[in-house]
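Quick notes on the structure that follows.
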Number of protein chains: 4
Amino acid sequence: MTISAAMGAQRQLRRDAAENRELLLAAAAQVFAEQGLAAGVEEIARAAGVGVGTLYRRFPTKEALVAELVQDVLEKMSALADEATLVPSGQGLERYLEASSAYQAEHRGCLPKLWNISPDNEALVRVRRTIARLLAEAKHHGQVREDVTATDLTMLMWSIRGVIETTRDIAPDAWRRHLALLLAGLRPSSAPLGHRPMTRAQVDQVLADPS
Amino acid sequence: MTISAAMGAQRQLRRDAAENRELLLAAAAQVFAEQGLAAGVEEIARAAGVGVGTLYRRFPTKEALVAELVQDVLEKMSALADEATLVPSGQGLERYLEASSAYQAEHRGCLPKLWNISPDNEALVRVRRTIARLLAEAKHHGQVREDVTATDLTMLMWSIRGVIETTRDIAPDAWRRHLALLLAGLRPSSAPLGHRPMTRAQVDQVLADPS
Amino acid sequence: MTISAAMGAQRQLRRDAAENRELLLAAAAQVFAEQGLAAGVEEIARAAGVGVGTLYRRFPTKEALVAELVQDVLEKMSALADEATLVPSGQGLERYLEASSAYQAEHRGCLPKLWNISPDNEALVRVRRTIARLLAEAKHHGQVREDVTATDLTMLMWSIRGVIETTRDIAPDAWRRHLALLLAGLRPSSAPLGHRPMTRAQVDQVLADPS
Amino acid sequence: MTISAAMGAQRQLRRDAAENRELLLAAAAQVFAEQGLAAGVEEIARAAGVGVGTLYRRFPTKEALVAELVQDVLEKMSALADEATLVPSGQGLERYLEASSAYQAEHRGCLPKLWNISPDNEALVRVRRTIARLLAEAKHHGQVREDVTATDLTMLMWSIRGVIETTRDIAPDAWRRHLALLLAGLRPSSAPLGHRPMTRAQVDQVLADPS
DNA sequence: AATGAATGAGTGTTCATTCAT
DNA sequence: TATGAATGAACACTCATTCAT
């Protein structure tokens, strides 16, 4: 066997490896969405058309696979936030909230663990920065009351996640009603909100808490 | 031994049994709160200071224990709703939402889904009736917009539960901020909410769904 | 309380104790017959109308209760054998085999353990002596071939026990057909049986074997 | 790695798997023989030198393992019956009874009830058909009385099983004496047997009874 | 002496992870 | 490298036995 052939084989293997990785992530997303996080790894491997050994070659533990899935979701959120910045008149925030909620609703399952993210996670930092911009613009256009903070929006998304997890099987877009109520709550008002917002540090701690 | 002494002994035994029952429910609430519903029965028994056999003497299955816990919470909610009816000027609803959320925050986790309740459950029927009254009165006093339904309030509580579960360890009353936002959303407004509410049947299905 | 009253109470208790004993044995016989030896002690106590504690006061272990039941069966067998000696013309043996099989069929359940008897057990010694007499008389009247031994009869009863255990639920008197075949085998014949009989010592070992 | 090498590996894996399967069946047969069907799966796995997980990979439940054992015995019985058809002069039946009893004696206990067999089981149908032929031929050669039925032979084997279970540890071939007696009972005689035989339907019910 | 609540070792079964092939 | 067979700790649940009342 020649060197180039060996390298070709290597390259081939690398490509296969990458393919397997994507295959596994997609399979896991689907299986978790259908059966919840309690689904077995064997099931995921089968859905991906590989053996469990291959799964464990790509991801050291089931938890790591979930973390990867969460990372993917975060990247998607970041992309959605970026797209929302193109919406004019301060309505990007609303667009983002709707789009990211819809995405969560379609990819439920790994979401219970949307914690366990390091606060230094690059995608997290990015999406936060973008959301801060969307929020500022929304306030600037008078779409959102001045006393709303970025941490309020984080909490808002946790709240929608709770609704999605609870209702998805029976009423897949019930969350839209809840979002409508939340948006109504965000609108400008003379009455101040009745409690201080979470601090950024608290939010970071929540995300990092592995419980 | 006299009859009264015998009865005393009987009562004593019964009291012990009842004590153990309460002990087990309390232990289960705590352990589930700390570790989630996946916590083992052995752990719960240990926390209650009894053997697993005793747990199974009181509750035929783990699921039955959970159901009992849920029932207890429901009873408490019903009591809180009843108390809230005494608040004047249509502000009972707000009082109820705050009180029941605070109760959940203190007893978090026992009930990741407020699980497996029959729609015919008497306590559920009662609490729903009371909440409907609180809602009607709030509307009547102009505290709440006309297009809010009882199912919106159910969803609202699911959403608060999601926030509580996520934040409790780090920011035990962060949910108050979220509730403030929700209450702001409930206030009268000329703009209609952007999505139809869940139907009662859907809510019933969600509650009965064992997933 | 006077001494005589105390003694009266004592006597009362003694009578109750004996009553309870019989009650428990009867209950155990019935429950084992219905559900097999795997039936729980709680079930037996309930059938006897007492608590498990009382059962354990009378019998140190479940196994001891079974042993007592076995002893009762043995006593009954002995009585049946005695009655059979009154049958004329050497047909007492046949009578005994039929009667003891019928008794076993009605009291199945403890019988799987009709071993575990000490070879010195008085009732066992008695029934053996009587059966030996019945066998000798049957031979004397030409009802049974000469080369049949007492140990053959023991084995014969094990064989019937096996048939009873297997068929009782579906065909409660199928054993009668099997006994008819065995009796036909016992009839005189010029052809010798093809294998030496068990020794008495072997039978004793089988009975004493706790496996 | 070449395809043939890969297939070799595959075959190797499959052979190992099959080996483990046989190992487990043999271990189960032995453990059940020694301790009865109540023996734990852990014990069986240990006897086979594997973990419980492996046992459960091969057999979905303990019951399935037992069923497999029973099936194996049935297949063996069928083979023995087939061999016996080669014996001339109507003595094949006797040969079969001896051979199948000897087999049971060596594999005792695996099957306290020859358990849970569907009456449609192919091996059962086969062995029955062959035994019917052996019986007809035995009658034709005047070796067996005319009023003996196939169900009598089934009961006969249950009876031998009872004797084997009882005596095997102490007198491993005591059953031969019992079989001799049974064979004597099968010989032609003018006196009819004293009870009707079991029906085929009753036998089927006994086999299917899981008690 | 009688009760039945309490016990905990044991059961059959599952599943994340490892490792021989 | 990819496979899936093997592993064994963990799970929910049972039951013979003990012991406070």
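Lettering follows sequence order; numbering is per chain, from 1. Hydrogens, waters and symmetry mates are skipped; everything else that's a heavy atom, side chains included, is used. Computed from a predicted model, the values in this text were never measured in an experiment.
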Interatomic distance where [atom1] belongs to [X] and [atom2] belongs to [N] [whole Å]:
X	N	atom1	atom2	result
B:L55	E:dT7	CG	P	11 Å
D:F59	E:dT14	CZ	P	15 Å
A:R46	E:dC15	CZ	P	11 Å
D:R58	E:dT14	CZ	C1'	16 Å
A:L24	F:dA2	CG	P	10 Å
D:E43	E:dT13	CD	P	16 Å
D:E19	E:dA20	CD	C1'	14 Å
A:R57	F:dG4	CZ	P	15 Å

Side chains of [X] and [Y] in contact at under 4.5 Å (non-hydrogen atoms):
X	Y	answer
B:V73	B:V70	no
C:L25	C:L65	yes
D:R46	D:V31	no
C:F59	C:V66	no

Count the heavy atoms of every other residue, nucleotide or ligand shown that sit under 6.0 Å from CD of D:E42, and state whether that count exceeds 12.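 No, because the 6.0 Å sphere around CD of D:E42 holds 12 heavy atoms or fewer from other groups.
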
With no hydrogens and no angle check, is any side-chain donor or acceptor of B:K62 less than 3.5 Å from a backbone partner on B:L37? yes

Per the side-chain contact (heavy atoms from CB on, under 4.5 Å) rule, which among D:R161, D:R168, D:E165 passes with D:Q104? D:R161

Closer than 4.0 angstrom, basic N to acidic O: yes or no for D:R58 and D:E68?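 No.
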
Can you give me the dot-bracket string for DNA chain F, 5' to 3', counting Watson-Crick and G-U wobble pairs with both distances under 3.5 Å, using [ ] for crossing pairs and | for partners on another strand? .||||||||||||||||||||

Shortest non-hydrogen contact from D:L55 toward D:V41: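 Reported closest heavy-atom pair: CD1-O, 3.8 Å.
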
For nucleotides 8-18 of chain F, give me one character per nucleotide, 5' to 3': B if any protein heavy atom sits under 4.0 Å from the base, S if the only such contacts are to the sugar-phosphate, - if neither. BB--SBBBSBB

